[in-house]
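Reviewing the structure listed below.
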Amino acid sequence: MPEMIEVEAYRDLAERAALGRQISAIETPDEWYLKRGLVPATLQELIGYQLSAARRRGKLLLLETQGPDGAGGPVLGLRFGMSGRLVVDGAAGVAELRHSTNAPLARYDRFGLVYSDGGHLRVRDPRRLGGVELDPAEAGLGPDAASVTLGRLSAALDGSRAPLKARLMDQSRLAGVGNLIADEVLWRSSLSPQRPAGSLSAPEVRRLHRHLRATVAELGTRGGSHTGDLMDERRGGGTCPKDGRPLQRDTVGGRTTWWCPWHQE
DNA sequence: CCGGATGTTCACCT
DNA sequence: GAGGTGAACATCCG
């Protein structure tokens, strides 16, 4: 599931349902899921702490912690890969709160916080492509795509001969855009994914910026990065919803790319 | 059975 | 240094 749209939904869930509850245990059923040298013993320092804020940068969910004395603790960084979900008290992204006390770990639960009230926060990830780390290097990520300014977007593209789509998905330049959102935004912007990123004119960058922010907002409202207008056409025989021409499939930036060579220039 | 899938990282090329 | 490619991770789906 996760591109930034889904991670924002997880952030919202965490903010609504996971803050201010005392952590009583850490679940690490899959140590491979702990990244950058993190080990279960290190996570024990979070016992007695609580989550104090839920932030997001691109596809990275950042959970701030606070000790019993009110002092700030380490930041818990969660990545969800392609199949990860955040589950709080047994519900993923749902409003209702049901504390399923002592609920056993599900088959694909890779990491969890147990609360002293009996509830829990867990990362469920069948494909195991996500991960957990402490104090992730946020500086390594570009500005978030949901709020990036025109100037920052322009700077992210400037001087690059890499394909536009590859640059948009380079998390160190711009954080949050994944394969589906990239195709949707470029299609809406009538820009070819293969254009050298630095070759866009000023009006084209403005157009891209407008569509990027509008698309992220709209897909968020619709409920996911898979709700784009192009989604149903990502298959053999798919046609452009704008002009009915056949869509083309290519590999750009190492990812399958669907686009309309008729109107995307 | 085979191929591909919303992501990231790394080794290895050019 | 920039950019590209393929592999790896593990499961599901068509």
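So you know, we letter chains A, B, ... as the sequences are listed, proteins then strands, and number each from 1.
Atom CG of A:Asp232 is separated from atom P of B:dA5 by 16 Å (rounded to the nearest Å). Atom CG of A:Leu164 is separated from atom P of C:dG3 by 13 Å (rounded to the nearest Å). Between the CD atom of A:Glu133 and the P atom of B:dT9 there is a distance of 8 Å, given to the nearest Å. Across the protein-nucleic acid pair, A:Leu157 atom CG and C:dA2 atom P stand 16 Å apart, rounded to whole Å. Between A:Arg127 atom CZ and B:dG3 atom C1' there is a gap of 12 Å when expressed in whole angstrom units. Protein atom CG of A:Asp170 is 13 Å distant from nucleotide atom C1' of C:dG4, rounded to whole Å. If you measure from atom CZ of A:Arg234 to atom C1' of C:dG14, you get 16 Å, rounded to the nearest angstrom. A:Leu174 places its CG atom 13 Å from the P atom of B:dG7, with the value rounded to the nearest Å.
As judged by a 4.0 angstrom heavy-atom cut-off over every strand, A:Gly178 is placed among residues touching the sugar-phosphate backbone only. Nucleic acid contact for A:Tyr108: sugar-phosphate only, since backbone atoms but no base atoms lie under 4.0 Å from a heavy atom of the residue. Backbone-only contact: A:Arg167 has heavy atoms under 4.0 Å from sugar-phosphate atoms and none from a base.
A donor atom on one side chain and an acceptor atom on the other are found under 3.5 Å apart for A:Trp259 and A:Asp250. In summary, the side chains of A:Ser83 and A:Asp125 do present a donor paired with an acceptor at a separation below 3.5 Å, with no hydrogens or angles considered.
Proximity note for A:Pro126 (side chain, C-beta onward) versus C:dG3, B:dA5, C:dT11: the nearest is C:dT11. Candidate nucleotides B:dG4, C:dA2, C:dT11 were compared by shortest atom distance to the side chain of A:Arg107, and C:dT11 ranks first. Listed nucleotides B:dG4, B:dT8, C:dC9 differ in distance to A:Arg128; the shortest reach to its side chain belongs to C:dC9.
Checked by atom type and distance alone, the side chain of A:Glu6 pairs as donor or acceptor with a backbone atom of A:Ser225 at under 3.5 Å.
Nucleotide C:dA10 forms no Watson-Crick or G-U wobble pair with any nucleotide shown, as no partner meets the under 3.5 Å limit on both distances.
Between B:dG7 and A:Arg255, a contact under 4.0 Å exists linking OP1 or OP2 to a side-chain N or O. Applying the 4.0 Å criterion to OP1 and OP2 of C:dG3, one finds that A:Ser160 has a side-chain N or O inside that range.
The pair A:Arg195-A:Glu265 does not count as a salt bridge, with every side-chain nitrogen at least 4.0 angstrom from each carboxylate oxygen. Ion pairing between A:Glu218 and A:Arg188 holds under the 4.0 Å rule for side-chain N and carboxylate O.
Where A:Arg173 and A:Thr251 each meet DNA chain C at their nearest nucleotide, the meeting point lying more 5' is that of A:Arg173.
Only the P atoms considered, B:dT8 is 23 Å distant from C:dG1, to the nearest whole Å.
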